[in-house]
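See structure below.
Along the sequence shown, residues are numbered consecutively beginning with 1.
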Amino acid sequence: MSQGYLYGLFGVWWPKSCCRQCCFVSVPSWPDQLARYRAYPEEAYRHLVDEYCALALNHRSGLFGPGKSLRDRLRADGAVEVHALADAVMDSCEWAVYRVRRCYSARAQAWRAVEIIHRADRTVAERYVLDLADSLEIAVRVDGEHTRLWLSVETETYPRLEEFFVAAPNTISPKKRMGFETRWGGHADERLWALEHAALHHADSRVAA
């Protein structure tokens with residue numbers, strides 16, 4: 001344990017920080033972390049924004065594991081000031097619509113691509129996803145605080161493709177592994193190709209307008 005290591009060096013129990021780089025905490029240590037969040041809400045809210053973006057790209061990436069988010073834990077423990085600061089920042093910052101793709105060769109083994117399709121304020125970005133869903137005649141899926149438009153169909157076999165559009169704060173850098181398009185193209189079927197073409201045409205038409 002890092003605190004034990006520091007105690008051995010300095011002879012004092014070094015308190016854990018509440019900075020953006022130190023979001024992780026074990027369940028037994030949660031009461032102490034909660035106290036830090038309440039004492040330093042101006043630092044703590046950044047963790048909520050970061051988690052929101054992480055969950056937008058991957059619904060399995062709650063800070064305490066799949067389905068176990070920091071936001072839910074803070075809400076349950078009444079840390080309202082932290083929530084209020086996070087919500088205010090996300091309501092006022094620039095947002096983006098992300099296209100997220102994963103090509104799984106096995107469990108937890110995936111090539112990934114993240115692209116920005118559109119930038120706008122929160123209301124317009126979230127509306128963009130809904131309008132895109134309407135244009136493709138596909139129902140969106142609401143998972144907690146995120147609304148996603150899935151183009152791929154869930155399967156249990158490999159290779160398995162995932163593709164969806166989601167809106168989130170514009171803090172996520174696009175990335176695409178070299179050779180991704182070749183791998184993706186080798187597994188995408190005609191249905192997915194058609195939906196992708198229609199979705200990207202919708203994006204181009206919005207830019208032109």
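Using a 4.5 Å cut-off on side-chain heavy atoms (C-beta onward), Leu192 and Trp184 make contact. Side-chain contact check for Thr171 versus Val49: every heavy-atom pair is 4.5 Å or farther apart. Side-chain contact between Val153 and Arg191: present, with at least one pair of heavy atoms (C-beta onward) separated by less than 4.5 Å. Inter-residue side-chain proximity for Glu162 and Trp150 is flagged as met; some heavy-atom pair is nearer than 4.5 Å. Phe165 is listed as a side-chain neighbour of Leu151, based on a closest heavy-atom distance under 4.5 Å.
Taking the charged nitrogens against the carboxylate oxygens, Glu163 and Arg99 do have a contact shorter than 4.0 Å, which makes a salt bridge. A salt bridge links Asp131 to Arg127: one of the charged nitrogens lies within less than 4.0 Å of a carboxylate oxygen.
Note that the CD1 atom of Ile172 and the SG atom of Cys53 stand 4.5 Å from one another [nearest 0.5 Å]. A distance of 9.0 Å separates NE2 in His59 from CZ in Arg141, rounded to the nearest 0.5 Å.
Listed by chain and number, the residues in a salt bridge (Lys or Arg N to Asp or Glu O under 4.0 Å) with Glu51 amount to none (sequence neighbours excluded). Considering only residues two or more places apart in sequence or on other chains, Asp32 meets the salt bridge (Lys or Arg N to Asp or Glu O under 4.0 Å) condition with none of them. A search for salt bridge (Lys or Arg N to Asp or Glu O under 4.0 Å) contacts involving Arg71 returns Asp87, Glu145, not counting sequence neighbours.
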**Message:** Is there a salt bridge (Lys or Arg N to Asp or Glu O under 4.0 Å) between Arg36 and Glu43? Walk through the geometry before answering.
**Reply:** CA-CA 9 Å; Arg36 282 186 285 270; Glu43 290 288 343; over 6 Å; no
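By the 30° and 60° cut-offs, the orientation of the rings of His202 relative to Tyr128 is perpendicular.
Hydrophobic clustering (side-chain heavy atoms under 4.5 Å, transitive across Ile, Leu, Val, Met, Phe, Trp, Tyr) keeps Tyr52 apart from Val114.
Arg148 places no side-chain N or O within 3.5 Å of a backbone atom of Val129 that could act as its donor or acceptor partner.
The shortest non-hydrogen separation linking Arg101 to Phe180 is CZ-CE2, 3.5 Å.
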